[in-house]
Amino acid sequence: MKRKKAAAGVLCCLGILFLCACTQHQTKTSDRLYVGVACYDQRDTFLGELLNCFKEKMSDMESDDLKTIVTVRDAAGSQKTQDDQVKELIDAGCNVLCVNLVDRADPSEIIDLAREKEVPIIFFNREPVAEDLRQWDQLYYVGADAKESGVMQGEVAAEVIMSDSGIDRNRDGKIQYVVLEGEPGHQDAIIRTENAVETIRSKGISLEKLSNGIANWNRAQAQNRMQQLIAQYQNEIELVLANNDDMALGAIDAYVKLNRTEAGMPVFFGIDGTTDGLQAVVDSKLAGTVYNDKVGQADAMAKLAAALITGEGMDEIKYKNGKYIYVPYSKVTQENVGEYLRKSKK
Ligand code: BGC
Ligand code: CA
């Protein structure tokens, strides 16, 4: 008899424990934000900094009601690798994906995988074409407007050129320039170049293009390309417009390697305001840059990811065309660079 009672007691306890475990598990899954991040190439300086900001925002968001986990996968430049990584992230239980496409024209496989398991996707930094973003209503994009960054680079450069007559070193009334471009096909490459050049011209400055070189956003490639351009044009180059800070820094590296003093160098402009880029502005190596707001973009991604899971805060997000969040750029000059440096060291 005693035994029977004891057995019943144990069973009862087990039942209660089981019920508790179930309810606990249920609240946990619904309030758990597990973000799988797929990055095109983690060696990219801007993306490395953006992802650090994102991880920070996600851990700031953690509370008793919301548990956050972030897993980052690096595709190292292969779309096939990225497709496999996205599948693994979904299988591991991610409930939101943040995807930085390797090939921004080829997201279909990733969209199909996510749609099958109903995992929403926030694309970021490498913008899919509009048609692809319309494939499903759970697709979003967080980034910035390429044209805005080009115009701002042009404005910063025009101001510097107009305030220093010494930049026109051969005094022919024209500024001889070269452009260092990001990856072909990237939304930020051609558009930045076109708008920067057009904006400088619109201020009444006469420009003469010597050449352009593709350096795929990369500092070492830019140094190489710049060495070739210097060999070809010698002292003729007066202005270097780079599609990002890393390539502007690579161009400076090329002149430093040749032991050129500042007097023998052109002026350089970048875009991004990476930690090294901002420091180069402080040191007057880079004449100016445009801040690609990694903190703002990371914040928008984290808030959207949380809203997609909790269902709260969705109305507060300001979208363009219901799916796009474009975070504004801003100009970084010798005068205001200190503010940006303080922000980025925080
Ligand atoms: C940034 C570059 C970066 C590229 C990667 C651009 O928006 O300005 O620095 O390499 O995105 O996709
Ligand atoms: Ca000149």
Side-chain angles (χ1 to χ4, degrees), residues 38-51 74-77 79 82 98-105 123-128 141-150 152-153 161 164-178 180-193 195-196 200 205-210 214-222 233-250 266-267 269-278 286 289-294 296-298 326-330 332:
C39 177
Y40 93 103
D41 191 344
Q42 262 186 295
R43 284 166 300 185
D44 184 293
T45 307
F46 174 73
L47 275 158
E49 294 184 5
L50 172 63
L51 289 182
D74 177 12
Q79 188 57 62
Q82 187 168 66
C98 287
V99 178
N100 176 235
L101 286 164
V102 176
D103 180 351
R104 69 186 191 94
F123 291 102
F124 67 101
N125 170 263
R126 299 163 73 87
E127 186 174 334
Y141 178 70
V142 174
D145 173 21
K147 178 174 177 186
E148 183 182 45
S149 58
M152 285 185 179
Q153 188 185 49
I161 294 166
D164 181 357
S165 59
I167 290 173
D168 177 14
R169 277 189 287 134
N170 65 354
R171 308 217 171 265
D172 66 348
K174 285 185 248 166
I175 304 296
Q176 279 71 26
Y177 76 99
V178 301
L180 289 172
E181 284 175 353
E183 278 168 280
H186 192 295
Q187 83 275 351
D188 288 335
I190 306 287
I191 297 180
R192 281 179 178 170
T193 306
N195 285 282
I200 300 174
I205 296 165
S206 170
L207 286 178
E208 183 187 346
K209 180 173 170 181
L210 297 178
I214 291 169
N216 298 308
W217 308 120
N218 180 280
R219 183 165 177 164
Q221 286 185 38
Y233 296 102
Q234 306 288 332
N235 288 330
E236 277 179 68
I237 305 165
E238 297 173 338
L239 163 68
V240 177
L241 293 172
N243 283 167
N244 76 346
D245 283 356
D246 255 18
M247 293 190 292
L249 294 170
V267 275
F269 294 90
I271 292 178
D272 277 344
T274 57
T275 308
D276 285 353
L278 293 176
L286 206 56
T289 186
V290 176
Y291 188 61
N292 194 357
D293 188 355
K294 57 191 173 223
Q297 290 168 33
Y326 290 119
V327 178
Y329 284 100
S330 52
V332 183

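Both ligands and their constituent atoms are indexed starting at 1 by order of listing.
The two residues Ala248 and Ala242 make their nearest non-hydrogen contact at N-CB, 3.5 Å. Ser149 and Ile271 make their closest contact through O-CD1, 3.8 Å (heavy atoms, listed as atom of the first residue, atom of the second, distance). Lys294 and Thr275 get closest at one heavy-atom pair: NZ-N, 4.3 Å.
Asp164 contributes a side-chain N or O that, together with a main-chain N or O of Gly166, makes up a donor-acceptor pair within less than 3.5 Å.
Among the backbone and side-chain atoms of Glu238, an N, O or S atom lies under 3.0 Å from the Ca ion (ligand 2). The Ca ion (ligand 2) has an N, O or S atom of Lys174 under 3.0 Å away, backbone or side chain. Look at Asp168 and the Ca ion (ligand 2): an N/O/S atom of the residue is under 3.0 Å from the metal.
Set against the non-hydrogen atoms of Asn244, the atoms of ligand 1 under 4.0 Å away are 2 (C), 9 (O), 10 (O). Numbered from 1 in the order shown, with element, the atoms of ligand 1 that lie under 4.0 Å from a heavy atom of Asp188 read 6 (C), 7 (O). Close contacts between ligand 1 and Arg126 involve ligand atoms 5 (C), 12 (O) [criterion: under 4.0 Å to a heavy atom].
Between the side chains of Tyr233 and Glu238, no donor-acceptor pair of N or O atoms lies under 3.5 Å.
In terms of distance to the Ca ion (ligand 2), the nearest N, O or S atom of Asp172 is named OD1.
Ligand 1 lies nowhere less than 4.0 angstrom from a heavy atom belonging to Lys294.
Any N or O atom pair closer than 3.5 Å counts here, and His186 shares at least one such pair with ligand 1. At a 3.5 angstrom cut-off on N or O pairs, Asn100 does not count as close to ligand 1. The shortest N or O to N or O distance between Asn243 and ligand 1 is not under 3.5 Å.
Considering Asn216, Thr45, Thr274 as possible partners of Asp246, the one that fulfils the side chain to side chain donor-acceptor pair (under 3.5 Å) test is Thr45.
Scanning the protein heavy atoms around atom 10 (O) of ligand 1, the nearest turns out to be Asp44 OD2, 2.5 Å. Scanning all protein heavy atoms for the shortest distance to atom 8 (O) of ligand 1 gives Asp272 OD1, 2.6 Å. Nearest protein heavy-atom contact of atom 12 (O) of ligand 1 is Asn125 OD1, 2.6 Å.
Put simply, the side chain of Leu180 does not reach to within 4.5 Å of the side chain of Leu241, judged on heavy atoms. Residues Tyr329 and Asp272 form no side-chain contact, since every pair of their non-hydrogen atoms from C-beta on lies 4.5 Å or further apart.
Glu183 has no carboxylate O lying under 4.0 Å from a charged side-chain N of Arg104, or vice versa, which leaves the two without a salt bridge.
Residue contacts with ligand 1 for Asn292 involve side-chain atoms from C-beta outward but no N, CA, C or O (heavy atoms, distance under 4.0 Å). In Glu127, neither the side chain nor the backbone holds a heavy atom less than 4.0 Å from any atom of ligand 1.
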Can you list the steps and then say if Asp145 with Lys147 is a salt bridge (charged side-chain N to carboxylate O under 4.0 Å, His left out)?
CA-CA 6 Å; Asp145 173 21; Lys147 178 174 177 186; over 6 Å; no

